[in-house]
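Predicted model, so just to flag it, every value in this text is computed and none were measured. Naming convention: chains lettered A, B, ... in sequence-line order (proteins, then strands); numbering from 1 in each chain.
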Protein chains: 2
Amino acid sequence: MPTQPVVFDQLQTLVAWLKVLAEPRRLQIFDLLMQGVQCNCELGEQLQLAPNLISHHLSVLRQAGLVDMERDQVDGRWVYYSVNLAALQALNATFGAFFHPARMQQRQPTCGPQSTLLTLDTIEEVFE
Amino acid sequence: MPTQPVVFDQLQTLVAWLKVLAEPRRLQIFDLLMQGVQCNCELGEQLQLAPNLISHHLSVLRQAGLVDMERDQVDGRWVYYSVNLAALQALNATFGAFFHPARMQQRQPTCGPQSTLLTLDTIEEVFE
DNA sequence: ATTATACTTCAATCGTGATTGAAGTATTTC
DNA sequence: GAAATACTTCAATCACGATTGAAGTATAAT
């Protein structure tokens with residue numbers, strides 16, 4: 001029985017991130033925040049989306065640690081949102097590692113007729 | 001009004017991929033296929049999942065172009081699945097580009113009190 | 001204090017997609 | 001040709017999450 005290629009926890013973390021980002025509006029919001037700090041109303045105007053929806057999506061992004069929030073020092077009614085750089089770096093590194101083409105391996109199925117075919121890799125084992 | 005940072009189509013494509021992969025079982029299946037060719041039954045045994053579910057997830061992965069399918073030449077009842085290398089490369093490149101930390105930019109909100117504060121970038125424009 | 005603004009939270013509805021179980025298909029073996 | 005195997009497709013249920021609308025909160029202006 002082959003060992004599990006990626007640790008379960010890593011996979012769960014990756015799925016959590018993917019779930020958060022696999023939503024058009026949310027990905028757009030994230031993308032807009034890559035352009036720099038923005039407030040709810042700016043995002044809403046650009047995406048033609050109601051403020052409560054923006055707020056909701058931002059909270060999801062925030063819970064995932066992908067986005068930071070900061071209240072205005074002068075007028076506390078305003079809230080500014082930005083991408084969390086550390087999270088972005090972690091995200092990028094994890095994605096890059098997981099989906100790196102070099103991780104792909106050669107392997108024959110262990111069941112079906114193919115499993116009995118000899119490959120260049122296994123043929124030497126037979127003669128031992 | 002700022003220009004849209006990423007073209008809508010690109011974003012949709014990315015979301016489509018993310019949706020497909022943002023599912024624990026599916027990501028596990030994809031991860032297992034990174035180890036090499038496998039058939040339905042092998043995957044099912046490793047994940048303790050019914051064959052029809054495996055089949056369903058594989059068809060989703062296949063529709064997204066991420067996974068290829070091949071019938072056994074000797075015994076056509078057996079079907080082998082593998083990761084599509086070109087798709088993996090495209091995926092990796094797109095993710096890498098989108099989530100690259102270097103894409104992050106400095107920007108001040110255009111509304112709220114912050115918008116009236118002068119920055120080093122904008123202060124020279126004022127004197128023109 | 002009262003009102004207005006900017007945003008957040010809550011409750012309810014709606015839709016998409018995961019899961020389940022059963023029927024269907026393709027292929028090989030007897 | 002009939003039975004068996006490996007897998008696929010279909011129909012139905014279930015659950016999670018997006019959306020909506022309304023109430024709630026925090027802050028500032030009057």
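In this entry the distance linking OH of A:Y80 with C1' of C:dA6 reads 11 Å, nearest Å. Going from atom CG of A:L43 over to atom P of C:dC7 covers 9 Å, rounded to whole Å. Spacing between atom CZ of B:R62 and atom C1' of D:dC7 amounts to 11 Å, rounded to whole angstrom units. Spacing between atom CD of B:Q63 and atom P of D:dT8 amounts to 13 Å, rounded to whole angstrom units. Rounded to an integer number of Å, the gap from CG of A:L49 to C1' of C:dC7 is 14 Å. For A:Q38 and C:dC7, the CD to P distance is 12 Å, given to the nearest whole Å. One interatomic measurement links the two molecules: NE2 of B:H57 to P of D:dT9, which rounds to 15 Å at whole-angstrom precision. For the pair A:L53 CG and C:dT8 P, the computed distance is 12 Å after rounding to whole Å.
If you take CG on B:L27 and NE2 on B:H57, they are separated by 11.5 Å, rounding to the nearest 0.5 Å. Annotation: the span from B:Q28 atom CD to A:Q12 atom CD amounts to 7.5 Å, rounded to 0.5 Å.
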For nucleotides 26-30 of chain D, which of its nitrogen or oxygen atoms have a protein nitrogen or oxygen under 3.5 Å away, and what is each distance?
{"from": "D:dT27", "atom 1": "O3'", "to": "A:G76", "atom 2": "N", "distance (Å)": "3.2"}
{"from": "D:dA28", "atom 1": "OP1", "to": "A:V74", "atom 2": "O", "distance (Å)": "3.0"}
{"from": "D:dA28", "atom 1": "OP1", "to": "A:G76", "atom 2": "N", "distance (Å)": "3.0"}
{"from": "D:dA28", "atom 1": "O4'", "to": "A:R77", "atom 2": "NE", "distance (Å)": "3.4"}

For nucleotides 21-25 of chain C, print each protein N/O atom paired with a nucleotide N/O atom at under 3.5 Å, atom names and distance only.
{"from": "C:dG21", "atom 1": "N7", "to": "B:N52", "atom 2": "ND2", "distance (Å)": "3.2"}
{"from": "C:dG21", "atom 1": "O6", "to": "B:N52", "atom 2": "ND2", "distance (Å)": "3.4"}

With the criterion being N/O to N/O and under 3.5 Å, what pairs connect the protein with nucleotides 13-17 of chain D, and how long is each?
none

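A 4.5 Å side-chain heavy-atom check between A:R77 and A:D72 finds every atom pair outside the cut-off.
Side chain of B:Q38 to main chain of B:L32: a donor-acceptor pair is present (N/O by atom type, distance under 3.5 Å, no hydrogens or angles). Proximity of a side-chain donor or acceptor of B:Q48 to a complementary backbone N or O of B:E45 within less than 3.5 Å is detected. Listed for the A:T94 side chain is a donor-acceptor partner under 3.5 Å among the backbone atoms of A:A90.
Under the 6.0 Å distance and 45° angle rule, B:R62 does not count as a cation-pi partner of B:Y81. Cation-pi geometry between A:R71 and A:Y80 is not met: the NZ or CZ atom fails to fall both under 6.0 Å from the ring centre and inside 45° of the normal.
Between A:L43 and A:I54 the shortest heavy-atom distance is C-CD1, 3.9 Å. For the pair B:A22 and A:A22, the tightest heavy-atom approach, listed with the atom from each and the gap, is CB-CB, 4.2 Å. Considering all non-hydrogen atoms of both residues, A:L85 and B:M104 come closest at CD1-SD, 3.7 Å.
Side-chain proximity of B:W78 to the nucleotides C:dT19, C:dC7, D:dA6 is greatest for D:dA6.
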